[in-house]
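Throughout, protein chains are lettered first and strands after them, A, B, ... in sequence-line order, and every chain is numbered starting at 1.
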Protein chains: 2
Amino acid sequence: MPKKITMADVAEMAGVTKSTVSRFFNGGYVKKSTRDKIQKVIEQYNYVPNTFARLKAKESSVIGVVVPTLNSKVTSRVITSIDRYLRERGYTTLIKNSDHDIDLELQNIQKLIHLNVDGILISSIAMTKDHKKIFEETQIPVVVLAQDYEEGISIIDDDYNAGKYVGEYIGKTGHKKVGYIGVYETDVAVGLHRKDGVLDGLKAYGIVEPVLAKSDYSFIGGQKCTREILEEEKVDAIICATDRLAFGAYKVLQEKGLRIPEDVSVVGFGGYDESSLLTPELTTLKFDSYGMGYLGAETILKMLKGEPVSKKQIVEYEFIQGNSVKLEDLKDYNKG
Amino acid sequence: MPKKITMADVAEMAGVTKSTVSRFFNGGYVKKSTRDKIQKVIEQYNYVPNTFARLKAKESSVIGVVVPTLNSKVTSRVITSIDRYLRERGYTTLIKNSDHDIDLELQNIQKLIHLNVDGILISSIAMTKDHKKIFEETQIPVVVLAQDYEEGISIIDDDYNAGKYVGEYIGKTGHKKVGYIGVYETDVAVGLHRKDGVLDGLKAYGIVEPVLAKSDYSFIGGQKCTREILEEEKVDAIICATDRLAFGAYKVLQEKGLRIPEDVSVVGFGGYDESSLLTPELTTLKFDSYGMGYLGAETILKMLKGEPVSKKQIVEYEFIQGNSVKLEDLKDYNKG
DNA sequence: CTGAAAGCGCTTACAG
DNA sequence: CTGAAAGCGCTTACAG
């Protein structure tokens, strides 16, 4: 049972001192011939240095990433993208899942800070005073993903304009009575900005009193809200703040025998692959989650190097036209 | 700008030595009154100990988890479940993504070993000789998820029997010419066992020469293979090794104007939420991914405590009947 | 019940 | 170009 090899062991076997081996790994000066000796030992024993034992190093080469859940399409895309970017540049990604628990999220941030990570990327469903306080007090660079963060650096979706686009689209296509399934307003980006965009877009077409419902981010939540809306009023369109909520709407509408889009149009936000498989294909607005991860990772590394970065970067969106919105009315509208 | 607080700082402020603070955190003997003093300082400064500075500790309380991708429903469920289980028991989960790259996967394992993690959970799409060699050489407990590992401890899906169940189901319902979209055989669990189960199930009903296709795990791959199968022969059913592949099959069949299930039946493995939203609802076999994560985490902790564990644990599956398989033939079959 | 001292695996000025 | 020494933030026998 071969014991775990340490840097000192490698040094001894290579006939040098651990200072030299350390320099070997950190790009310091090492003569070619000794470099070769060290290399040989490393390969023979599959030695990898312990990233977390670099207690005295100025930089840890570790970036912490805090996410609200591991169980979401969008999050999966974002962290895949971050992890790839950082790995290719020699950084270690340390993922901390908060499981939709705000206290745990704050704890996770504290832990990362004390772990001496070089930077923190946080994708949160809410930016509270506590978050801001921690971020102000730490000297570690922080990039906030998906939420506005006026006091610092953030990468955000263009929630307001995306919402407005969708609101106008629904108005333009001649819908009269619209339901909106949103999320709680502690999530400022989705709960407020996206909603405001949608409402303003609708208003531009004279739709002023949509039926509003609020949900968590679940499939079940989408179903519940759809039932609430249908009980309250006879709507001809339901706009959902996420695709998953739209899946819930589909489920309930189909159960009730209502046709999409003939009886009720449905739109989502998300652009999941699966959405194009629904019948009818879901019309949805896709944010560039990979882009968000990429920009976030790029930005944090720039900050480490002291390069200037934008205070706020806005990620693109793309409207994906499916067949879940009734377009006939559009003709009437154009004629009228 | 408050500097980062260390254990020594906490000790000084509490008027004790860091040995005592360390004992405070690790359950050693500390008098109630000094415990209170330490507690107060900790709260005031939000102090959290650096988990990775426990270089001399016998146990690190860190469990490493290696996954082949972060971008899959099944993986998301498995790691969510692991993370939750471990967190509630005071362990830190360290997630390493291999991005479907086998070399990176081996590197990740090496890194975890040198990081001194207490145990490793690995979900792999292939168990190579290299994997086995590393696992044999290390003294760190390893639990393999989703792949058979005769030389050690594993938690597996019941791939063969699940496959057989589906094969028999398709046979029983009177299909005659069947296509199978599998994955590469380096993935022994899915590529071999699941396939063998399907083939044996079909054989029991006299279906002996299914049209076979092989794919990676992507939506695009599912589409490609579906086209190949359709070009090769007129099948009345396509069995897909994963739901995502089945999504690809849906896409292509619908494009070609073939009706599901009237013209071609489709079955998948996975039981994703979205599958029930397809039209027709996908008939699929669901493995208990949360259960797999739970069992994996439970097993590794048992191993740490020296408790006995089963060499192999098999996770349950559940057949979810949608409407994507033609059942009329079943009647004929029963009559005949 | 608590402290002093040695040490975990690494990095970093500082000599030479 | 490389080594000796001090130190990073912790833990752990060992005294007392």
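- Both A:Lys32 and A:Lys18 lie near DNA chain D, and the one whose nearest nucleotide falls closer to the 5' end is A:Lys32.
- The stretch residues 86-95 of chain A has no heavy atom under 4.0 angstrom from DNA chain D at all.
- Nucleic acid contact class of A:Tyr47 (heavy atoms, under 4.0 Å, all strands): sugar-phosphate only.
- Nearer the 5' end of DNA chain C, as judged by each residue's closest nucleotide, is the contact made by B:Thr20, out of B:Leu55 and B:Thr20.
- The one candidate from A:Leu145, A:Ile109, A:Asn108 that meets the side-chain contact (heavy atoms from CB on, under 4.5 Å) condition with A:Ile122 is A:Ile109.
- Each of A:Val62, A:Leu115, A:Thr51 was checked for a side-chain contact (heavy atoms from CB on, under 4.5 Å) with B:Phe52, and the lone residue meeting it is A:Leu115.
- Looking at heavy-atom distances under 4.0 Å, A:Ser22 makes contact with a base.
- Ring-plane geometry between B:Tyr294 and B:Tyr85 is classed as perpendicular, the angle between the planes exceeding 60 degrees on a 0 to 90 degree scale with a lower cut at 30.
- Closest approach of A:Ala146 to A:Ala189, counting heavy atoms only: O-CB, 3.1 Å.
- If B:Arg54 and B:Gly15 are placed on DNA chain C by their nearest nucleotide, the residue sitting closer to the 5' end is B:Gly15.
- When only modelled atom types and interatomic distance are considered, B:Ser154 and B:Gln147 share no side-chain donor-acceptor pair under 3.5 Å.
- Within the 4.0 angstrom heavy-atom criterion, base atoms lie near B:Ser19.
- Taking 4.0 Å as the cutoff to heavy atoms of chain B, we find the contact window on DNA chain C bounded by C:dC1 to C:dG9.
- In this structure, CG in A:Asp187 is found 11.5 Å from CE in A:Met127, a value given to the nearest 0.5 Å.
- A:Asn116 comes within 4.0 angstrom of no nucleic acid atom, judged by non-hydrogen atoms across all strands.
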Original post:
When Watson-Crick pairs (N1 to N3 and N6-O4 or O6-N4) and G-U wobble pairs (N1-O2 and O6-N3) count only below 3.5 Å on both distances, what is the dot-bracket string of DNA chain D, with | for other-strand pairs?
Top reply: |||.||||||||.|||
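- The six-membered or imidazole ring of B:Tyr149 lies away from that of B:His131, with a centre-to-centre distance of 6.0 Å or more.
- Contact annotation for B:Val16: backbone-only contact, meaning every heavy-atom pair under 4.0 Å involves sugar-phosphate atoms and none involves a base.
- Nearest heavy atoms, A:Val65 versus A:Leu112: N-CD1, 4.2 Å.
- Neither side chain, B:Arg54 nor B:Asn116, offers a donor N or O lying under 3.5 Å from an acceptor on the other.
- Side-chain polar atoms of B:Ser218 and B:Asp216 form a donor-acceptor pair below 3.5 angstrom.
- Between A:His114 and B:Tyr47, the ring planes are perpendicular. Angles over 60° get that label, and only those under 30° would be called parallel.
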